[in-house]
Amino acid sequence: MQFSYEVKDSYAEVKSVGRLNMVAAPKLREVVNEVVAGGSSRVVVNLAETDFMDSSGLGALIGCLKATRQAGGDLRISGVQPQVKMVLELTNMDRVLTAYPSAEEAFGDD
Amino acid sequence: MTEVIARKGYHGPSNEAAIEAIHNELDALWDDASFVPDMDRMTFATAVIEAAANIVQHALPVAEKPVEIDVDISVRPTRLVARVSAFNAREPFANDMQASMPDEDAESGRGLALIEALVTTVTFERQDGTNTWILTRDT
């Protein structure tokens with residue numbers, strides 16, 4: 001599992017590559033906390049190359065969503081693959097974590 | 001006995017490395033049983049990893065010997081079966097067995113409810129210091 005991020009004009013994009021499971025979940029939290037601490041509270045987590053997420057990965061995304069909102073921003077997700085979509089739907093979290101086709105579109109409306 | 005078409009397993013210390021190893025065993029299982037539809041692979045693999053992660057995160061040793069995890073996954077003609085066991089483990093607490101979805105801002109506690117939503121049957125057995133989850137999914 002690898003995470004990288006890039007701060008853009010109006011948001012920061014965190015790229016998640018690999019399996020977002022209990023091993024990777026704490027690393028995602030670290031990366032997003034670092035991005036928020038650096039002054040970017042509008043964060044897109046790009047999941048286009050994440051083919052697996054479990055409930056620990058989902059928990060990390062929810063924690064990161066709270067961290068961005070506490071800093072006055074928001075967290076959105078993009079490029080959701082079938083397994084991740086399934087986990088979001090079965091846990092009813094697709095209503096809370098809004099999925100966008102691409103990172104560019106995630107904050108495109110505001 | 002129902003015919004077993006493909007089978008994989010893992011046994012080792014209950015730790016993060018076990019989770020990655022079980023992912024790899026699942027991938028290898030689908031290589032040996034390429035007829036299993038994508039939807040069944042996805043749901044079953046998610047349930048197996050949830051059960052294994054539950055053991056790694058929550059299982060406590062019954063005595064000095066550390067907890068070991070054991071996974072036996074098999075493909076049968078119309079069913080996928082996994083036995084996910086914690087050896088040398090205490091009996092889980094009743095509140096660890098919570099199977100309903102928590103509030104939407106909760107950051108944990110969805111694993112068991114997710115497992116129940118993913119598979120056809122979930123059975124729990126405890127025998128001689130071993131906790132075993134038996135997950136089946138009809139294909």
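Residue numbering restarts at 1 for every chain, and letters A, B, ... go by the order of the sequence lines.
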Looking at side-chain heavy atoms only, is the closest gap between [X] and [Y] below 4.5 Å?
X	Y	answer
B:Thr136	B:Val119	no
A:Met86	B:Leu118	yes
A:Val87	A:Val84	no
B:Leu60	B:Val62	no

Just to verify, which of B:Asn24, B:Val36, B:Ile73 counts as forming a side-chain contact (heavy atoms from CB on, under 4.5 Å) with B:Leu29?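 Running side-chain contact (heavy atoms from CB on, under 4.5 Å) over B:Asn24, B:Val36, B:Ile73 with B:Leu29 returns exactly one hit, B:Ile73.
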Would a distance-only check, ignoring hydrogens and angles, find a side-chain to backbone donor-acceptor pair under 3.5 Å from [X] to [Y]?
X	Y	answer
B:Asn131	B:Arg90	yes
B:Gln57	B:Ile55	no
A:Asp54	A:Gly57	yes
A:Ser16	A:Leu47	no
B:Thr139	B:Thr78	yes

Looking at chain B, which one of A:Gln83, A:Lys66, A:Arg19, A:Met53 has the largest number of heavy-atom pairs inside 4.5 Å, strictly under? A:Arg19
Would you compute the distance between atom CG of A:Leu61 and atom CZ of A:Arg76 and round it to the nearest 0.5 angstrom?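 It comes to 14.5 Å.
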Anything in [range] with a heavy-atom distance to chain A below 4.5 Å? Please list those residues in order.
range	result
residues 41-50 of chain B	B:Met42, B:Thr43, B:Ala45, B:Thr46, B:Ile49, B:Glu50
residues 65-72 of chain B	none
residues 7-20 of chain B	B:Glu16, B:Ile19, B:Glu20

Do the charged groups of A:Lys15 and A:Glu49 touch, with an N to O distance under 4.0 Å? no
Using 4.0 Å as the upper bound for N to carboxylate O, is an ion pair formed by B:Asp138 and B:Arg79?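 Salt bridge flag = yes for B:Asp138 with B:Arg79.
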Tell me, for [X] versus chain B, whether the close heavy atoms (under 4.5 Å) come from the side chain, the backbone, both or neither.
X	result
A:Arg29	side chain
A:Leu65	neither
A:Asn21	side chain

Evaluate A:Ser102 against A:Glu105 for side chain to side chain donor-acceptor pair (under 3.5 Å), listing each step before the verdict. CA-CA 5 Å; A:Ser102 69; A:Glu105 286 162 274; 2.6 Å; yes
Please walk me through it: do B:Arg76 and B:Ser74 pass side chain to side chain donor-acceptor pair (under 3.5 Å)? CA-CA 6 Å; B:Arg76 295 159 200 243; B:Ser74 55; 3.2 Å; yes
Do A:Asn46 and A:Glu13 have side-chain N/O donor and acceptor atoms under 3.5 Å apart? yes
What residues of residues 88-96 of chain A make heavy-atom contacts with chain B at a cutoff under 4.5 angstrom? A:Leu90, A:Thr91, A:Met93, A:Arg95, A:Val96
